[in-house]
Amino acid sequence: MTARRFEGRGVIVTGAAQGIGRAIAEAFLAEGARVAAVDRDSEGLARLDAEAIVTDLGEPGAAADAVADAERRLGRIHVLVNNAAVMPDGPIMDVREDTWDRAFAVNSRAVFFASQRAAQHFAEHGGGVIVNIASANAIRSESPEAVYNASKAAVVSMTQSFAHELGHLGVRVVGVAPGETLTAEELAKMSTEDRAVEREYIGRIPLRRLGRPPDQAAAVLFLASDEASFISGQTLVVDGGEMAGDWFDRSEAPPIPPDVGV
């Protein structure tokens, strides 16, 4: 029987009710972890075999409180995964202050203060790992998503800052920056026009398919594991090679396979 890397370890996953967060929580559970799943979607959390912590991480104090609640329920925490996010879009000239505030509250402020609280716990208990879910958009902007791009760029910066300042306390901090990743549920709801857009998008990806939540979860579990014990301060882009480059003449690009699931 293959050893389970997280047997008995305490793990917090925010934004765990659906999508990438749900895949991450399920992957940790499959490897023996005790998971506290944080989200404002109580129904989604009920489908996980985890400690459900229902809260809106966009509210002041909610992130640190959620980590403290997880500590009370699980005891020793070994890993925090900051995944919860909102994704506003729209032209820069149309952005409202409340849109900016909400995006940075959930995507950036919650990451900072959840990490701060978890780091205190890790420092007192011999170390731990923080995994921040950023976005490929944090490294190469996609428009019109300036607010989302900026909030995720802040996550990449925090990953570096926390890793540098807290490493001597036994705290590793790493990031995963997903490229285009869709769930089966999202695909099922897409219109014909949306599917055409996604299919065209695959033309940018050398591996010639869209990302799936388990692709991102696998990266998170590796970075959180003892196998990555000397990796800190880095953000791993998981995008099928999209950021490696593009064709000067798209007509010379390899064809998109007929069966790509879109």
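In what follows, residues are counted from 1 in the order of the sequence shown. Keep in mind the model is a prediction, meaning the values are calculated, not measured.
- For D98 (side chain) and R102 (main-chain N/O), no donor-acceptor pair under 3.5 Å exists by modelled atom type.
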Residue pair R9, D226: steps toward the salt bridge (charged side-chain N to carboxylate O under 4.0 Å, His left out) verdict
CA-CA 12 Å; R9 297 190 185 185; D226 295 340; 2.8 Å; yes
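- Panel note: side chain R208, backbone I205; a donor-acceptor pair is recorded below 3.5 Å.
- At distances below 3.5 Å, not a single donor-acceptor pair connects side-chain atoms of Q216 with backbone N or O atoms of I20.
- Taking a cutoff of 4.0 Å between a charged side-chain nitrogen and a carboxylate oxygen, E180 and R204 do not qualify as a salt bridge.
- Remark: the backbone N or O of A16 is paired with a side-chain donor or acceptor of D39 at under 3.5 angstrom.
- With contacts defined as side-chain heavy-atom distances shorter than 4.5 Å, the pair P213/T181 qualifies.
- Taken from CD1 in I53 to OG1 in T55, the straight-line distance is 9.0 Å, to the nearest 0.5 Å.
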For a salt bridge (charged side-chain N to carboxylate O under 4.0 Å, His left out) check, start with the C-alpha distance between R209 and D215, then their side-chain angles and the critical distance, and finish with the verdict.
CA-CA 12 Å; R209 69 170 176 87; D215 296 323; 2.9 Å; yes
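- No hydrogens or angles considered: nothing links the side chains of N149 and E142 as a donor-acceptor pair under 3.5 Å.
- Interatomic distance, CG of N132 versus NZ of K152, reported as 8.5 Å (0.5 Å rounding).
- Each of M87 and Y201 belongs to its own hydrophobic cluster when Ile, Leu, Val, Met, Phe, Trp and Tyr are linked at side-chain heavy-atom distances under 4.5 angstrom.
- The cluster map of Ile, Leu, Val, Met, Phe, Trp and Tyr, joined by side-chain heavy atoms under 4.5 Å apart, puts L29 and V13 in the same cluster.
- Counting only distance, with no hydrogens or angles, the side chain of D94 and the backbone of P91 share no donor-acceptor pair below 3.5 Å.
- Listed by first and then second residue, the ring-ring contact (aromatic ring centres under 6.0 Å, His included) pairs that reach into residues 17-50 are F6-F28, sequence neighbours excluded.
- Counting only distance, with no hydrogens or angles, the side chain of R73 and the backbone of A68 share no donor-acceptor pair below 3.5 Å.
- Of the inter-residue distances, the one linking R40 atom CZ with L45 atom CG reads 12.0 Å to the nearest 0.5 angstrom.
- A donor atom on one side chain and an acceptor atom on the other are not found under 3.5 Å apart for N83 and T14.
- A chain of hydrophobic side-chain contacts below 4.5 Å, direct or via other Ile, Leu, Val, Met, Phe, Trp or Tyr residues, connects V35 to V220.
- Note that CD1 of I130 and CZ of F162 are 6.5 Å apart. Values are rounded to the nearest 0.5 Å.
- A donor-acceptor pair under 3.5 Å is absent between the side-chain atoms of S229 and the main chain of E227, judged by distance alone.
- Between the side chain of R195 and the backbone N or O of L187, at least one donor-acceptor pair lies under 3.5 Å.
- A single hydrophobic cluster is seen to contain both L223 and V81, as judged by linkage of ILVMFWY side chains at heavy-atom distances under 4.5 Å, directly or through other members.
- Classification of R140 and E242 as a salt-bridged pair holds, one side-chain N sitting under 4.0 Å from a carboxylate O.
- The main-chain N or O of S115 is never found under 3.5 Å from a side-chain atom of N82 such that the two would form a donor-acceptor pair.
- When the side chains of ILVMFWY residues are joined at heavy-atom separations under 4.5 Å, either directly or via intervening members, V79 and L221 end up in a single hydrophobic cluster.
- V147 places a side-chain heavy atom less than 4.5 Å from the side chain of P88.
- In this structure, T159 OG1 and L236 CG are separated by 11.5 Å, a value rounded to the nearest 0.5 Å.
- Using modelled atom types, no side-chain atom of H121 and backbone atom of R76 make a donor-acceptor pair closer than 3.5 Å.
- The CZ atom of R22 sits 4.5 Å away from the CD atom of E26 when rounded to the nearest 0.5 Å.
- Between the side chains of D194 and S191, at least one donor N or O lies within less than 3.5 Å of an accepting N or O.
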